[in-house]
Amino acid sequence: MPIASEAGASARVPFADPAQQHEAASAAMWVFLSTEVMLFGGVFAAYLWYRHADPAAFARGSALLDAPLGTVNTAVLLTSSLAMALAVRAAALGRRRPALGWLAGTAVLGLAFLAIKLLSWRHEWTRGLVPALHAGAALAAQPRVELFFVVYFIATGLHALHVLAGVGALAVTGAALARVRDPGRWNPIELTGLYWHFVDIVWVFLFPILYLVR
Amino acid sequence: MLPQASDYAARVDALFLAVTGVCVAFGVPVMVLLATFCIRFRRGRRVNRRGVTRHTLPWEITWTAVPTLIAIGMFVRAAGLYASLTRPPEDALEIAVTCKQWMWKFQHPTGPREIDALHVPAGRAVRLTMTSEDVIHSLYVPALRIKQDVLPGRYTELWFRATRPGSYALRCAEYCGVAHSRMDGIVVVLPPEGYAQWLRAGGAGPDSTLAARGAVLFRRFGCSGCHRDDGRGAGPSLLGVAGHDVPLAGGRFVRADDGYLRDAILLPARDVVAGYAPVMPSFAGQIGEDELFVLLAYLHALGRAAAPDAAPPATLGPGASGAAAGTP
Amino acid sequence: MTTAALERPQPSYLAAGDTLRSWLLTTDHKRIAWLYLVTITLFFAIGGAAATLIRLELLTPQGDLVSDETYNKLFTLHGVIMVWFFLIPSVPAVLGNFLVPLMIGARDLAFPRLNLLSWYIFILGGAFTLWAMVSGGVDTGWTFYTPFSTMFSNTHVVLTAVGVFVTGFSSILTGLNFIVTLHTLRAPGMTWMRLPLFLWSLYATSLVMVLATPVLAITLVLIAVERIARVGIFDPALGGDPLLFQHLFWFYSHPAVYIMILPGMGVTSEIVAAFSRRRVFGYGFVAVASLAIALLGFLVWGHHMFVAGESFYANLVFSFLSFMVAIPSAVKVFNWTATLYKGSIALDTPMLYALAFIALFTIGGLTGLYLASLPVDVHVTDTYFVVAHFHTIMVGGMVTAYLGGLHYWWPKMTGRRYPETWGRVAAVTLFLGFALTFFPQFALGYLGMPRRYHVYPPEFQVLNVLSSAGASILAIGYALPLVYLIASLRGGPTAGPNPWGARGLEWTVPSPPPPGNFATIPRVTEEAYAYTDADRE
């Protein structure tokens, strides 16, 4: 763009100043999260629809899941959200090194969540609970129980993809934070935080409906 | 013009005309005003253009409120007519409809079966219970102004009372693949005596009724081994079950309609009758949709057999001893 | 309003480089608008070619031009291309991209690079869809109804679904960009109640794009999973439920209908005001009506399923809400009509399109009342009545508004004027062609001709021939602007910054505008459409 903006050289075209740019970035993140709500909303709708159609089959399916692993994973992800909040706070106070530390902690917990999730998927694999790929006796002639696992794998798979994307976002944010001049006036970390909390909240809904509601 | 083969069709047409009246009452003034203003206020014409109002609120309220009231009125009238379409009379002639790419099959309760043609008596309510063997189809009889999607894996219903004898087109209205547009047939409305004659020619008789054939299937599929009339089998006796409330494990009750009976045969693990172990195997894939209708006709006969109202658990059914209605 | 831009001439955005690279890597919203314009014109030609073959086939009842399979692929192609690759991006991605920053006094959209990315995603989705087409096509109809699409069709369902899925993200990103831009980049003094109504309608459209499209995305994922893995989601043979698919699909696709009409309403508001030299009657009500339509649009999806096997009570609720969604639409029509009163009306090409829009949208909307009336809907749903109804909204409404807007802002986009006489001829031709094509289809539907019929009973032939004759007039009507608009790029007279004498920030900058739009960001001190009595004399 050949035309320089009038106020605040540090803002990118088309923004007039950094505050406006900050505002736009936050607005964009909220709009983006609302699209994510609708995306997962489709999965929740499918869950509710079929649960309503056959509650007993969904209860049988739910009973086959590895509830202890799910519980551990919930704790891991909630802790990661705490670490994320502390990272945002440290950055806002201008403390770069603690912020980087908390960010790293968040990412490690995120990876731990994924590892545990893989482990629980492995359990489901060995027990023949994977529709189409490895469906064993537990799913034989029980289409609605199989349907529970279809919903389960789509929901948790979609969520895991979001966690993975979140870990990537944490890495990018960390790398940028390490270079930025004034961490206290730098807002992308807040946006990463918003996203991470959202991913956490999705799990907070997924965990009870998949593991606990019988 | 499109023939009106039933009184209901005439009422739909009356509603259609009423809606048209509303459309004309709204649309024509708008078009006339558009044209009038365009001519009268055409740029270059000397005409008073001063005094453009900014007080639009009274106008806005008027043209929000009036259409709202009219819309509510239209809704009420349409919903009223629609309600008459939902509950078939008790004495309706029950026809079982199975469709697949790309044909319609009809089974009359007295036995005759036909493909791509449906003979019905004039003046009598006819109720179609329908299912599809593959994709979604839609049974559409324009002359009767009725249409209902036919889904695989469940029953949908449609009823009508044709009043004018004649032959009317029947079409598939839901896109269903290659030969969708060729999936048609006819509905032949006959005078009652003509229908009776047609039934006789089609081989109707006491042994060929759906229920009679269903009794044969009931034994052939081994149902009778567990669902004994005396209630001493592994499953409940089915006397007085169909059409009545059934207690389920967990304390719920469910009306044993076609949908429930269908699921009970194909997905037996879902709603188990109270007091019984979930030991029944699924018959999904072993019993065809046509046969399922035949079996259901027999279950309905059993349901009627045990004097519906006066049937507390211990009442004896005619010609059989044992408890009715699913108690062990 | 500022006139500074006029005094200091700058090279226009068109002159800022003419290499292919300068176009393909541009982040200028005005150039991206052109990228979309060219792309969707191509898609319109493809979808139009399919429509031409369909109408040729339906000249005779026997189905003798193409086979059943080909016919089914043709109407599927027509629907998929026209809905997702023409109508949805048409006004928002072309006119919206060009005008949103200009109308609010901004240098660009909030996220220029994201804007370019949206176009590339659109191209990628289009490429998948075209690939599916050339490698054999798809025959499910644009509605992808299960279990036909997942278990029975042996055409390229997944490939097409991927194409539509990918394109959805383009739609989402465009909506996101507009929402953020309208919230954060309005020039000083440009309050919400001073926004041109085009922007109100685009804002409502963007909300729908952002909130509805993700549901389509997940639905298409579920289709692909069921089709590839053969696990039951929508197929009852495997424990699934096809009605869930219909609910999810229409939860997106009904609001999508409003993506395809709200922007057209916005264009009409602009044109009616400019060519009457009057502030739009009841500005606030027209603005709020856009939001009301977007909101109610999310609550009426069930009216597509009145004969699908929904419960009686669900049908009643959806019927009632469908009657209610007619109200804000009616309010708009009344306000446009009232705007003409005491206006100074010039019947130039854009105004002819706007008037055609109002007339056809009125007809399209009123025929919706038949479909909201349950017993009538039972009779005419899935017939040509519905085909005629939604084409009256989509073609009679949206395409008409798109062409009207294109003519109205053409001088701004190109700096050139198109030949006015040819413009009027084309507008009238399109209106007549439209009426002859689609009005007979209302009759066909009432008489009981189902949609998506390759062969049909001979008694329907006369009406079908009329419709096909109309379609050929329609084709001429579309070809005309293509020719004279392209010709005007070189030979057209220079337009000047404000050829129509219209109000609005976009008319304060040179035609075509410089790359950054405004030399200095304007300060807005007056409401939209601040025409005075003097303007009308």
Side-chain angles (χ1 to χ4, degrees), chain B residues 2 12 15-16 19 22-23 26-27 30-31 33-34 37-38 41-43 49-52 56 59-60 63-64 67-68 71-72 74-75 78-79 81-83 85-86 101 134-136 138 140 142 145-149 151-154 156 169 171-182, chain C residues 68-69 72 141 145 147-148 152-153 236-237 242 278 281-282 285 307-309 312 316 319-320 323-324 326-327 330-331 333-334 337-338 340-347 355 358-359 362-363 366 369-370 373-376 378-379 381-383 446-448 450 452-457 533 536:
Chain B
L2 187 60
V12 173
L15 178 64
F16 193 94
V19 177
V22 172
C23 291
F26 271 88
V30 166
M31 309 291 170
L33 283 175
L34 282 177
F37 291 162
C38 283
F41 298 106
R42 184 131 187 227
R43 192 169 296 168
R49 294 188 172 88
R50 295 189 172 271
V52 170
T56 63
W59 289 98
E60 303 294 344
W63 60 46
T64 306
T68 305
I72 290 174
M74 291 170 85
F75 165 74
L81 180 55
Y82 181 66
L85 194 63
T86 53
Q101 291 173 326
D134 40 48
V135 301
I136 299 176
S138 188
Y140 178 32
R145 312 288 188 274
I146 54 169
K147 179 187 292 132
Q148 172 63 51
D149 283 8
L151 281 73
R154 76 171 70 190
T156 52
R171 303 196 174 103
C172 178
E174 184 66 67
Y175 173 67
C176 58
V178 174
H180 165 54
S181 64
R182 300 169 199 270
Chain C
D68 289 315
E69 288 91 340
N72 296 343
Y145 265 28
F148 179 74
F152 289 86
S153 171
R278 258 204 69 172
F281 194 91
F285 279 81
V307 301
F312 172 67
L316 282 191
S319 164
F320 181 75
F323 274 113
M324 290 302 108
I327 308 299
V331 166
V333 169
F334 295 140
T337 308
L340 300 182
Y341 181 68
K342 292 197 173 182
S344 169
I345 297 165
L347 294 177
L355 291 169
I358 298 173
T362 302
I363 293 169
L366 288 172
L369 295 178
Y370 293 88
S373 306
L374 281 161
V376 179
V378 167
H379 173 45
T381 189
D382 279 322
T383 69
Y446 170 74
L447 293 173
R452 297 171 171 177
Y453 259 32
H454 175 227
V455 298
Y456 59 85
D533 282 343
R536 286 184 286 275

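Order of the sequence lines fixes the chain letters, A, B, ..., with proteins taken first and strands second; residue numbering starts at 1 for each chain.
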Using a cut-off of under 4.5 Å for heavy-atom pairs, which of C/Val376, C/Thr362, C/Val455, C/Val331 has the most such pairs with chain B? C/Val455

So B/Trp59 and C/Phe281, would you call those rings parallel, tilted or perpendicular, with 30° and 60° as cut-offs? perpendicular

So C/His379 and B/Leu15, do their side chains get closer than 4.5 Å, heavy atoms only? no

Can you say whether C/Ala359 sits under 4.5 Å from chain B via the side chain, the backbone, both, or neither, judging by heavy atoms? both

Go through the atoms of B/Ala169 and report whether side chain, backbone, both or neither lie under 4.5 Å from a heavy atom of chain C. neither

Parallel, tilted or perpendicular: which describes the rings of C/Tyr341 and B/Phe41, with under 30° parallel and over 60° perpendicular? perpendicular

C/Val307 side chain reached by B/Tyr140 side chain, heavy atoms, under 4.5 Å: no

Interchain contact, C/Phe152 with chain B, by part (heavy-atom threshold 4.5 Å): side chain

Is B/Lys147 reaching over with its side chain to a backbone N or O of B/Ser138, donor-acceptor style, under 3.5 angstrom? no

Select, from C/Phe312, C/Tyr446, C/Tyr145, the one with the greatest count of heavy-atom pairs under 4.5 Å involving chain B. C/Tyr446

Within a strict 4.5 Å, meaning less than it, do heavy atoms of the B/Leu151 and C/Pro242 side chains meet? yes

Quick check for you: among C/Arg536, C/His454, C/Lys342, which has the greatest number of heavy-atom pairs under 4.5 Å with chain B? C/Lys342

Most contacts with chain C, counted as non-hydrogen pairs under 4.5 angstrom, among B/Glu60, B/Arg42, B/Met31: B/Glu60

Give, as side chain, backbone, both or neither, the part of C/Tyr456 having an atom under 4.5 angstrom from any heavy atom of chain B. neither

Which region of B/Met74, side chain (C-beta onward) or backbone (N, CA, C, O), has a non-hydrogen atom less than 4.5 Å from a non-hydrogen atom of chain C, or is it both or neither? both

Report the option among B/Thr68, B/Val12, B/Leu85 that has the most heavy-atom pairs separated by less than 4.5 Å from atoms of chain C. B/Thr68

Heavy atoms of B/Ile136 and B/Cys176 approach each other most closely as O-CB, 3.7 Å

Heavy-atom donor-acceptor pair, B/Arg171 side chain to C/Gly448 backbone, under 3.5 Å: yes

Which one wins on heavy-atom pair count under 4.5 Å against chain C: B/Ile146, B/Leu34, B/Leu81, B/Thr156? B/Leu34

Chain C contact via B/Phe16 - which portion, at a heavy-atom distance below 4.5 Å: both

Answer key: most heavy-atom pairs under 4.5 Å with chain B among C/Gly309, C/Ala308, C/Pro450 is C/Ala308

If you tally heavy-atom pairs under 4.5 Å between each of C/Gly343, C/Ala237, C/Ser373 and chain B, the highest tally belongs to C/Gly343

Determine the option with the most heavy-atom pairs under 4.5 angstrom with chain C, choosing from B/Gly27, B/Ala79, B/Cys38, B/Gly153. B/Cys38

Toward chain B, the part of C/Ile327 with a non-hydrogen atom under 4.5 Å: side chain

Could you tell me how the ring of B/Tyr175 sits relative to the ring of C/Phe148: parallel (under 30°), tilted (30 to 60°) or perpendicular (over 60°)? perpendicular

Proximity breakdown for B/Thr64 and chain C, heavy-atom pairs closer than 4.5 Å: both

For the residue pair B/Phe75 and C/Phe323, categorise the inter-ring angle as parallel (less than 30°), tilted (30 to 60°) or perpendicular (more than 60°). perpendicular

So does B/Val30 get a backbone contact from the side chain of C/Thr337, meaning a donor-acceptor N/O pair under 3.5 Å? no

